[in-house]
Undergrad: 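I'd like to ask some things about the structure below.
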Amino acid sequence: SSNFSPTTAAPGDTAPVTGSYIVGSGDQFLIEYFGNVTTKQTVQISREGVINLPEIGPLTVTGLSFDELKNLIVNKVQSNLIGTEVSTTLSELRSIDVYIVGQSYKPGAYTISAMSSITNALFASGGVNESGSLRNIEIKRNGSTVHEYDFYQLILKGDTSSDIRLMNGDTIFIPFLENVVRLNGEFRKPGLYEFKDKETVGDLLDLAGGIKNNFSAGTQ
């Protein structure tokens, strides 16, 4: 399984911000007014979840998505500054602190972008060491396990659906590797594989890409 440890990949926390991104303390926005009032100003969400809109004043934005924030600002500007249009862009993402413990090459605290996923954090820490599990990685939040991550879904299947966004204070726990099997011979992808409890021989064949098709069509 150590063949798959993400030790050489660069952190991928530069993904574009989507409208569903939940804004939070530390995010910065460029606010531009056009029309009767013309101004440009960078504002930051405070610890209390408030931004100060130019010419308008404090606006609470706690828990809003980026789309909801932009709509709220449009409504406030249009109702308070007649004949003025507004553009809101995210100029700087906040950072979050996460902790990587267990069988990591470099366990410890990491400051990463608020857009970072589990995989991004694993890349930043040098990946899972030779003793660690790639398939039973736990995300702990406020003392409870909120998610289990199977890195094989990404590296063998390209499936990112379980690679969730992290939150400030999350802990990534990498347990010891428990179950391993070496698949040699006529497999499409022979090698050392970690398997989970209750997985079958068929599941292992799937991990290895199945059996090579060595049959050729003969003449009849």
Side-chain angles (χ1 to χ4, degrees), residues 1-16 18 20-22 93 95-213:
S1 79
S2 59
N3 293 341
F4 299 114
S5 293
T7 56
T8 58
D13 57 1
T14 55
T18 63
S20 61
Y21 169 72
I22 303 300
L93 275 171
S95 295
I96 60 173
D97 294 322
V98 299
Y99 305 89
I100 301 180
V101 299
Q103 304 310 303
S104 166
Y105 276 111
K106 299 177 184 176
Y110 288 84
T111 299
I112 55 180
S113 159
M115 284 293 289
S116 296
S117 67
I118 302 167
T119 301
N120 299 146
L122 291 174
F123 286 156
S125 67
V128 177
N129 68 28
E130 290 86 351
S131 301
S133 168
L134 287 171
R135 308 203 59 195
N136 297 291
I137 298 170
E138 298 178 23
I139 308 305
K140 297 179 180 292
R141 187 173 297 159
N142 299 323
S144 300
T145 298
V146 296
H147 188 69
E148 292 188 358
Y149 181 51
D150 182 353
F151 198 63
Y152 274 20
Q153 294 298 313
L154 173 64
I155 57 180
L156 294 180
K157 300 180 180 180
D159 181 358
T160 61
S161 59
S162 68
D163 191 15
I164 65 169
R165 189 87 46 81
L166 296 171
M167 296 180 63
N168 189 58
D170 280 356
T171 295
I172 300 175
F173 171 64
I174 305 170
F176 278 106
L177 176 65
E178 292 186 352
N179 304 315
V180 133
V181 63
R182 183 174 295 279
L183 301 179
N184 291 326
E186 297 302 311
F187 297 103
R188 294 186 188 278
K189 294 181 288 186
L192 193 66
Y193 288 89
E194 179 182 357
F195 63 93
K196 303 180 74 169
D197 291 341
K198 299 182 180 179
E199 284 191 327
T200 66
V201 172
D203 295 322
L204 291 174
L205 290 176
D206 186 45
L207 291 177
I211 305 291
K212 290 180 181 178
N213 183 4

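It should be emphasised that the depicted structure is a prediction, and the values quoted were computed from it without experimental measurement.
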Undergrad: Rounded at 0.5 Å granularity, tell me how far CZ in Phe173 sits from CD in Gln103.
TA: 7.5 Å
Undergrad: Which distance, rounded to the nearest 0.5 Å, do you find between the OG of Ser104 and the CD1 of Ile172?
TA: 9.0 Å
Undergrad: According to the salt bridge (Lys or Arg N to Asp or Glu O under 4.0 Å) rule, which pairs have a member within residues 163-174, sequence neighbours left out?
TA: Arg141-Asp170
Undergrad: Looking only at heavy atoms, which two atoms of Thr111 and Ser95 are closest? And how far apart?
TA: CG2-CB, 3.6 Å
Undergrad: Go through the structure and list residues passing side chain to side chain contact (heavy atoms under 4.5 Å, CB included) with Thr171, not counting sequence neighbours.
TA: Tyr99, Val101, Lys140
Undergrad: Is the closest side-chain heavy-atom distance between Ser131 and Leu177 below 4.5 Å?
TA: no
Undergrad: Specify the closest pair of heavy atoms between Asp97 and Asn168, including all atoms of both residues, with the distance to one decimal.
TA: N-OD1, 2.8 Å
Undergrad: Name the orientation class of the two ring planes belonging to Phe151 and Tyr149 (parallel below 30°, tilted from 30 to 60°, perpendicular beyond 60°).
TA: perpendicular
Undergrad: Less than 4.5 Å apart, any side-chain heavy atom of Glu130 and any of Tyr105?
TA: yes
Undergrad: Does the pair Ile112 and Asn120 meet the rule for a side-chain contact (heavy atoms from CB on, under 4.5 Å), with working shown?
TA: CA-CA 9 Å; Ile112 55 180; Asn120 299 146; 5.8 Å; no
Undergrad: Would you name the heavy atoms of Ser117 and Leu166 that are closest together and state the gap between them?
TA: O-CD1, 3.6 Å
Undergrad: Taking all atoms of both residues into account, what is the closest heavy-atom pair of His147 and Ile118, and its distance?
TA: CD2-CD1, 3.7 Å
Undergrad: For a quick test of reading the model, state the closest non-hydrogen atom pair linking Ala114 to Tyr21 and the distance between them.
TA: CB-OH, 3.6 Å
Undergrad: Check whether any side-chain heavy atom of Leu154 lies under 4.5 Å from a side-chain heavy atom of Thr119, and answer yes or no.
TA: yes
Undergrad: Between Ile100 and Ala121, what is the shortest heavy-atom contact and its length?
TA: CD1-O, 3.4 Å
Undergrad: If you define the side chain from C-beta out and look only at heavy atoms, does anything of Ile174 sit under 4.5 Å from Leu122?
TA: yes
Undergrad: Tell me yes or no: between the side chains of Thr145 and Glu138, is some donor less than 3.5 Å from an acceptor?
TA: yes
Undergrad: Is a side-chain N or O of Asn136 found less than 3.5 angstrom from the main chain of Ser133, in a donor-acceptor match?
TA: no
Undergrad: Once rounded to the nearest 0.5 Å, what's the spacing between atom NZ of Lys106 and atom OG of Ser125?
TA: 8.5 Å
Undergrad: Holding to side-chain hydrogen bond (donor to acceptor under 3.5 Å, both in side chains), I want the full list of residues that pass it with Ser20, two or more places apart in sequence or in another chain.
TA: Thr18
Undergrad: Looking only at atom types and distance, does a side-chain atom of Ser113 sit under 3.5 Å from a main-chain N or O of Met115, one as donor and one as acceptor?
TA: yes
